[in-house]
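Computed from a prediction, not measured in an experiment: that's the story for all the values here. All ligand and atom numbering here is 1-based and tracks the order in the structure.
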Amino acid sequence: MVKKEEVRSIVWIDNKVKMIDQRKLPLKEEYIICDDYKCVAKAIKSMVIRGAPAIGVAAAYGFALAGLSSKAKTSRAFLDDLKVAHSHLSKARPTAVNLFWALSRMMNIAISNMDIDINKLKDRLIKEATIIEREDIAINEKIGQYGSSLFNKKVSVLTHCNTGALATGGYGTALGIVRSLNKQGKIKRVWVDETRPFLQGARLTAYELKKEGIEHILITDNMAGYFINKGDVDTVLVGADRIVANGDTANKIGTYSLAVLAKENKVPFYVVAPTSTIDMNINSGGDIPIEERDRREVLFVGESQIAPSTTKVKNPAFDITPARYITAIVTELGVINPPYDINLKKNYYKIKETKHKF
Ligand code: MRU
């Protein structure tokens with residue numbers, strides 16, 4: 001159950017999608033309301049809503065909105081409208097596989113219910129999107145149970161980016177484990193990487209931990225090695241945007257450096273994600289599409305420009321952590337240990353294969 005004070009990234013209300021505008025946090029709690037799928041796609045693209053599982057939930061609701069606003073009179077025409085929305089939403093962001101997973105799941109519901117009345121199918125699509133959201137919360141609570149059982153004493157955790165309630169349907173993945181550990185009195189402190197350039201750590205993770213009253217310290221990304229090497233970090237917990245068949249993992253830029261630092265200093269490095277983030281259609285990390293974002297995110301901090309306007313800039317939003325740096329992958333099915341090419345496959349029948357059919 002999501003606690004009352006826990007922030008919600010996205011809710012379905014009066015046939016509309018309401019999202020907290022994560023670009024404005026932590027200074028302002030403002031909401032964006034969408035009543036069509038293009039608005040949802042724009043919200044995903046512009047980072048109103050972000051974090052792999054939350055992007056999946058938003059895409060599902062966007063798809064449901066497309067169904068709701070369709071004027072089609074035949075099932076065939078209705079499906080055509082859904083295909084247009086599917087194609088539009090799937091272009092919102094490229095790396096987090098949860099987006100494509102959720103859209104495939106919604107499209108499969110539409111296809112397998114083609115014979116029912118269109119209005120009933122519209123309701124069914126809304127129901128499915130709601131199920132995806134609720135399931136995600138339950139999955140994260142399960143992940144919290146499995147993840148927290150890895151530690152039998154108080155620990156100092158270092159985390160990167162935001163993997164909390166804001167990045168998911170609720171509760172969080174890596175930050176969900178932190179929540180569970182905290183309930184068990186097993187958190188010494190959380191080291192929060194600020195996570196340049198978008199500052200998800202500083203703006204969102206610190207905001208969530210403050211709301212929860214969990215002891216935390218904010219550091220700039222380049223301080224992580226110093227504290228890990230000093231022995232101030234017992235474990236690193238990060239989320240994932242896409243985990244592929246051999247265990248290689250795409251996550252927020254800077255994750256790979258942390259994984260190398262953790263291995264060098266013999267600190268366990270856990271990747272924490274629902275199975276909807278696992279993409280068994282890709283064999284190794286080199287084939288994961290990496291989003292390149294706007295140069296302004298690097299050139300500016302907030303409204304302040306920090307380098308000459310003409311400076312060349314690169315802004316990959318994610319990097320790949322090779323499987324050999326990952327101590328274990330924590331999912332709702334349990335803790336998956338290396339070798340990942342074998343152990344992910346063993347769970348394969350339970351991991352719903354993502355089929356990008358449309
Ligand atoms: O660009 P973002 O903010 O969508 O990136 C999010 C991350 O990389 C998260 O760490 C990852 O999605 C896990 S979210 C539970």
Side-chain angles (χ1 to χ4, degrees), residues 7 9-10 19-23 25 43-59 92-102 133 136-137 139-144 147 157-179 190 192-205 207-208 221 236-243 249-259 269-279 285 288-294 297-298 315-321 326 329-332:
V7 61
S9 56
I10 181 164
M19 289 164 279
I20 192 162
D21 189 343
Q22 298 193 26
R23 300 167 307 180
L25 290 171
I44 296 171
K45 204 180 179 74
S46 62
M47 310 275 270
V48 166
I49 186 156
R50 31 67 47 206
I55 289 171
V57 173
R93 291 190 75 189
T95 305
V97 77
N98 309 60
L99 174 81
F100 311 101
W101 170 87
E133 183 201 329
D136 189 57
I137 299 168
I139 282 169
N140 291 335
E141 287 174 343
K142 197 92 204 146
I143 288 175
V157 173
L158 187 140
T159 192
H160 192 65
C161 197
N162 172 262
T163 61
L166 288 165
T168 61
Y171 201 72
T173 56
L175 219 60
I177 296 182
V178 167
R179 274 182 222 280
V190 184
V192 179
D193 271 3
E194 65 169 349
T195 320
R196 269 285 283 159
F198 207 72
L199 302 173
Q200 289 94 331
R203 296 189 306 100
L204 308 175
T205 303
Y207 165 83
E208 286 199 45
D221 301 327
V236 179
L237 301 178
V238 297
D241 290 80
R242 197 182 296 224
I243 300 165
T249 294
N251 193 49
K252 181 52 55 194
I253 191 79
T255 303
Y256 167 53
S257 328
L258 272 182
F269 179 93
Y270 294 102
V271 166
V272 187
T275 53
S276 53
T277 305
I278 299 175
D279 183 356
I288 302 175
I290 298 294
E291 177 181 14
E292 178 78 26
R293 291 189 61 83
D294 197 301
E297 290 177 2
V298 175
N315 187 12
F318 304 97
D319 60 24
I320 309 292
T321 300
I326 301 169
I329 299 172
V330 187
T331 73
E332 76 275 20

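Qualifying side chain to side chain donor-acceptor pair (under 3.5 Å) partners for Thr205, counting only residues two or more places apart in sequence or in other chains: Asn162. The side chain to side chain donor-acceptor pair (under 3.5 Å) search around Glu194 returns none, not counting sequence neighbours. Evaluation of the side chain to side chain donor-acceptor pair (under 3.5 Å) rule for Thr255 yields Asn251 as partners, not counting sequence neighbours.
Closer than 4.0 angstrom to ligand 1 lie heavy atoms from Met47, Arg50, Gly51, Ala52, Pro53, Arg93, Cys161, Asn162, Thr163, Ala167, Thr168, Thr173, Gln200, Gly239, Ala240, Asp241, Asn251, Lys252, Phe318.
Cation-pi geometry between Arg203 and Phe198 is met: under 6.0 angstrom from the ring centre, within 45 degrees of the axis.
Looking at Val271 and Ile243, their side chains come closer than 4.5 Å, going by heavy atoms from C-beta outward. A heavy-atom distance below 4.5 Å is not found between the side chains of Asp193 and Lys252.
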